[in-house]
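In what follows, chains are A, B, ... by sequence order, proteins preceding strands, each numbered from 1. Since the model is a prediction, treat every value here as computed from it, not as a measurement.
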Number of protein chains: 2
Amino acid sequence: MEIACFIEAADRHCQQQGVKLTALRRQVLELVLSYSGVVKAYQVLADLQKQRGIAAPPTVYRALDFLVAAGLLHKVDALNGYIVCHHVGCSHEGLILVCGDCGRVEELDATPVLDVLRQQAGGAGFAISQQNLMLTGRCEACRT
Amino acid sequence: MEIACFIEAADRHCQQQGVKLTALRRQVLELVLSYSGVVKAYQVLADLQKQRGIAAPPTVYRALDFLVAAGLLHKVDALNGYIVCHHVGCSHEGLILVCGDCGRVEELDATPVLDVLRQQAGGAGFAISQQNLMLTGRCEACRT
DNA sequence: TCTCAAATGTTACGGTATAACAAGGTGATT
DNA sequence: AATCACCTTGTTATACCGTAACATTTGAGA
Ligand SMILES: [Zn+2]
Ligand SMILES: [Zn+2]
Ligand SMILES: [Zn+2]
Ligand SMILES: [Zn+2]
């Protein structure tokens, strides 16, 4: 199964980083994985409540924050949502493409273009931190 | 005065576009202009309430939406905020740099780098729409 | 003047996120 | 084992962000 495989990789990844993928965090990760695209915190919260009876917002937000910090998820600010990172392990900055019509998500490597951006920003005195780029558009299927 | 000059330019800009910069919208624009960096909707709302006694969220959100659509402001999703566009008139896509420490904002031209990004995204089947890029980092003053 | 469409006012609500403190678990030190 | 420090999770409450829906006003053109 795809999910189990990802979880296993995530486990190794966390161990290498010296952080703990606890049962709760793993459960949240599985819930996010069960979606195909962007997921919202309160969707995850609702799912979590189905599985364990009760859960409050901080529970899910803390888990999501951890998973983002660990590099397993990315936050999509423009949509108040989260997506699974499909480049765990390969140190990277993501170029995340979101289809505005269907919600499909694709993640490419933003490293080359961020080099250019860092140089341009440097000219204005800005030191750009590690981050992802998000772009919205339409995927191939939705353009037909 | 800097602000008056900008307002005047905004006025011309709106007239060219065939949209109306009403008194309310102008007032909101002035409030946003009075800040140096990113401004939040509820900050504007509070200011507006000081000036006219009462105002409700939809009032300010509608004005902000209009100003964004007119190209006079940009929305900064990552911060739930808005900034003034300093390239009104020059048709452009902005590369917006936000200092995470002090909130200072700089806007450059993102057109060249977006050409590269469009090509890269096209390889994955995505047609990316007109948009701005936001990057966070630290400005020169905050790095000292 | 009349009419219609756009803009604004008003109320109410729903979605997003965090503060603050309590309680539980884990592993190292003694 | 008992203690302690630290991280994780639970719990309550609240603050912040944004919009739906409908009423009312305004203003440009017939
Ligand atoms: Zn990634
Ligand atoms: Zn699509
Ligand atoms: Zn701009
Ligand atoms: Zn700064």
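Toward the 5′ end of DNA chain C lies the nearest nucleotide of L79(A), the other residue of the pair L79(A) and P58(A) mapping further downstream. Summary of the strand contacts: N80(B) and F66(B) both lie near DNA chain C, and taking for each the nucleotide with the nearest heavy atom, the more 5' one is attributed to F66(B).
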Between protein and nucleotides 22-30 of chain D, map the contacts as a letter string: B base, S sugar-phosphate only, - none, heavy atoms under 4.0 Å, written 5' to 3'. ---------

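Annotation: salt bridge (charged side-chain N to carboxylate O under 4.0 Å, His left out) contacts of R26(A) (sequence neighbours excluded): D11(A). Residues passing the salt bridge (charged side-chain N to carboxylate O under 4.0 Å, His left out) test with R104(A): none are found, sequence neighbours excluded.
Side-chain atoms of H74(B) never come within 3.5 Å of backbone atoms of M134(B) as a donor-acceptor pair (strictly under, hydrogens ignored). Remark: side-chain polar atoms of E93(B) are paired, donor with acceptor, to backbone N or O of Q131(B) under 3.5 angstrom.
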Show which side-chain atoms of residues 38-51 of chain A pair as donor or acceptor with protein atoms under 3.5 Å away, not counting sequence neighbours.
from: K40(A); atom 1: NZ; to: L79(A); atom 2: O; distance (Å): 3.2
from: Q43(A); atom 1: OE1; to: K40(A); atom 2: N; distance (Å): 3.0
from: D47(A); atom 1: OD2; to: Y35(A); atom 2: OH; distance (Å): 2.7
from: Q49(A); atom 1: NE2; to: A55(A); atom 2: O; distance (Å): 2.9
from: Q51(A); atom 1: OE1; to: Q27(A); atom 2: NE2; distance (Å): 2.7

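Residues from residues 22-57 of chain B that place a heavy atom under 4.0 Å from any atom of DNA chain D, listed by number: K40(B), Y42(B), P57(B).
The footprint of chain B on DNA chain C, defined by a heavy-atom cutoff below 4.0 Å, extends from dA7(C) to dT11(C).
Atoms NZ and CD1, on K75(B) and I96(B) in that order, are 11.5 Å from each other to the nearest 0.5 Å. Distance CZ/R12(B) to CD/Q16(B): 8.5 Å, rounded to 0.5 Å. Of the inter-residue distances, the one linking Y82(B) atom OH with L64(B) atom CG reads 5.0 Å to the nearest 0.5 angstrom.
Across the protein-nucleic acid pair, L21(A) atom CG and dC7(D) atom P stand 18 Å apart, rounded to whole Å.
Shown here is E140(B), whose CD atom has no more than 12 heavy atoms of other residues, nucleotides or ligands within 6.0 Å.
Considering only side-chain N and O atoms, T59(A) lies under 4.0 angstrom from the phosphate OP1 or OP2 of dG10(D). Phosphate contact (OP1/OP2 of dG18(D), side-chain N/O of Y61(B), threshold under 4.0 Å): present.
Counting only heavy atoms from C-beta outward, the side chains of V19(B) and C14(B) approach each other to under 4.5 Å. Residues L21(A) and L67(A) form a side-chain contact, since some pair of their non-hydrogen atoms from C-beta on lies under 4.5 Å apart.
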